[in-house]
Amino acid sequence: MRNVYLKAKGAIAYVAVETKEGDNSIGTAFHIGDGYFVTAKHVLESNTILEVSITQPLTAITSYHNNHMSDEVRPRTLKIVEGPWFADGDVDVAVFRIEAAGNIPSIKLSSTDDIYQSEDILLLSPVICVGYPPIPLTTHPFQVAVDGKINALVRVRSSNYLTYIISATSRGGFSGGPVLDESGVAIGLVTESLVKDHNFVETGFFTCLSISPAASLALESGWSPNDSIFYKDIDSLAWVKLALPNTTKLNPHAHDASIYVYDDDRDVYVSFSCHDPDVVNIAESAFATICPLHERQLVESELIWTPKNNPPSSQLESAAIAARDALIKVGFSVVSERFSGGWKSA
């Protein structure tokens, strides 16, 4: 994980602000390319931005007898030229853009949407978090890196996104910083600590919000990466996971049925899955009322259907919603769902 840090450190900046009460505060932001930086909304909202600066050399210096720094790698103060843009509602994400990003390194964002994640994939995965929590008695903002593991995958009230519990001590100043996996990809964004009864931050759980809302806001704000930096996954047109009451009561991540629509602007197929064939028939019938289907086929142990008459993405999405609502009527509830918009938004 040390190599992960060395590659990422020059992409991470501190954000000094003055609050509306007149106090000084600090948070973290990180570069994702083309001058776009991601941070937490609460770091910036209602505050006056005083300074955004990178404190680390932009390339790693690991030799004991290193040469002096050149202009290209020297720490620097950045100038915001666009934004900040804020996510809607209670989603604690913000994006801004600086001028002359030049050779500032960037951190790749995970394109794995929340709907693909599970406890069996994430729990005990090693991660590092990097930020600028103030250190008492020090003279400057110092970059702090901590390693840990993902201890739990949770859903927080009023949030539509996943939250990860991290095995590190939560401290103010990490807010807005990236959580990086073993490959150096940002899978999360530090937003808040989960505490009870207004206890100290350090006594709570260190958490990060999944990176999905940050990626969405960056794209809406004009960030335009190629597929090697961030894969938008518009082929997965619709995916809905549903669960029965007993499953929902015990585990909010597990599902008993799913509806999946794939459309890569060339091939289209639909899949309904459940242990109960009657449930599959309900979903299939509801879907077919809006988008007629050919007979089901068994392909590599999976039942799939192909739609008739090459329907547009909007019709396929409406049919998936009809199938979802039909299952809700017979007692299922939605665990998670994703609608990409398809090729019309490509």
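Nothing fancy with the numbering, it's 1 onward along the sequence. FYI, side chains are in, hydrogens and waters are out, and symmetry mates aren't considered; it's all heavy atoms of this structure.
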Any sub-3.5 Å donor-acceptor pair from H253's side-chain atoms to L153's backbone N or O?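 Flag set: sc H253 to bb L153 pair under 3.5 Å.
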I'd like to know if the side chain of S159 reaches the main chain of Y161, judged simply by a donor and an acceptor atom lying under 3.5 Å from each other, with no hydrogens or angles considered. yes
Are the side chains of [Y] and [X] in contact, using a 4.5 Å heavy-atom criterion?
X    : Y    : answer
I282 : F332 : no
I26  : P134 : yes
T247 : V335 : no
V130 : Q143 : yes
I107 : V38  : no
P307 : L316 : yes

Greater than 12 external heavy atoms within 6.0 Å of [X]'s [atom1]:
X    : atom1 : result
K232 : NZ    : yes
R2   : CZ    : no
D23  : CG    : yes
N309 : CG    : no
D227 : CG    : yes
D325 : CG    : yes
D267 : CG    : yes

Tell me yes or no: between the side chains of [X] and [Y], is some donor less than 3.5 Å from an acceptor?
X    : Y    : result
S118 : D120 : no
S333 : T248 : yes
Y14  : E51  : yes
S340 : S236 : no
E302 : S271 : yes

Please confirm whether W305 and F287 have ring centers closer than 6.0 angstrom. no
Nearest heavy-atom pair of [X] and [Y]: which atoms, and what distance?
X    : Y    : value
I290 : Q315 : O-NE2, 2.7 Å
F206 : A168 : CB-O, 3.2 Å
P75  : I54  : CB-O, 3.2 Å
N47  : T19  : OD1-CA, 3.3 Å
C274 : D256 : SG-O, 3.4 Å
D181 : S183 : OD1-OG, 2.8 Å

Ring pair (Phe, Tyr, Trp, His ring centres under 6.0 Å) partner of W239, the single match among F272, Y116, Y262, F339: Y116
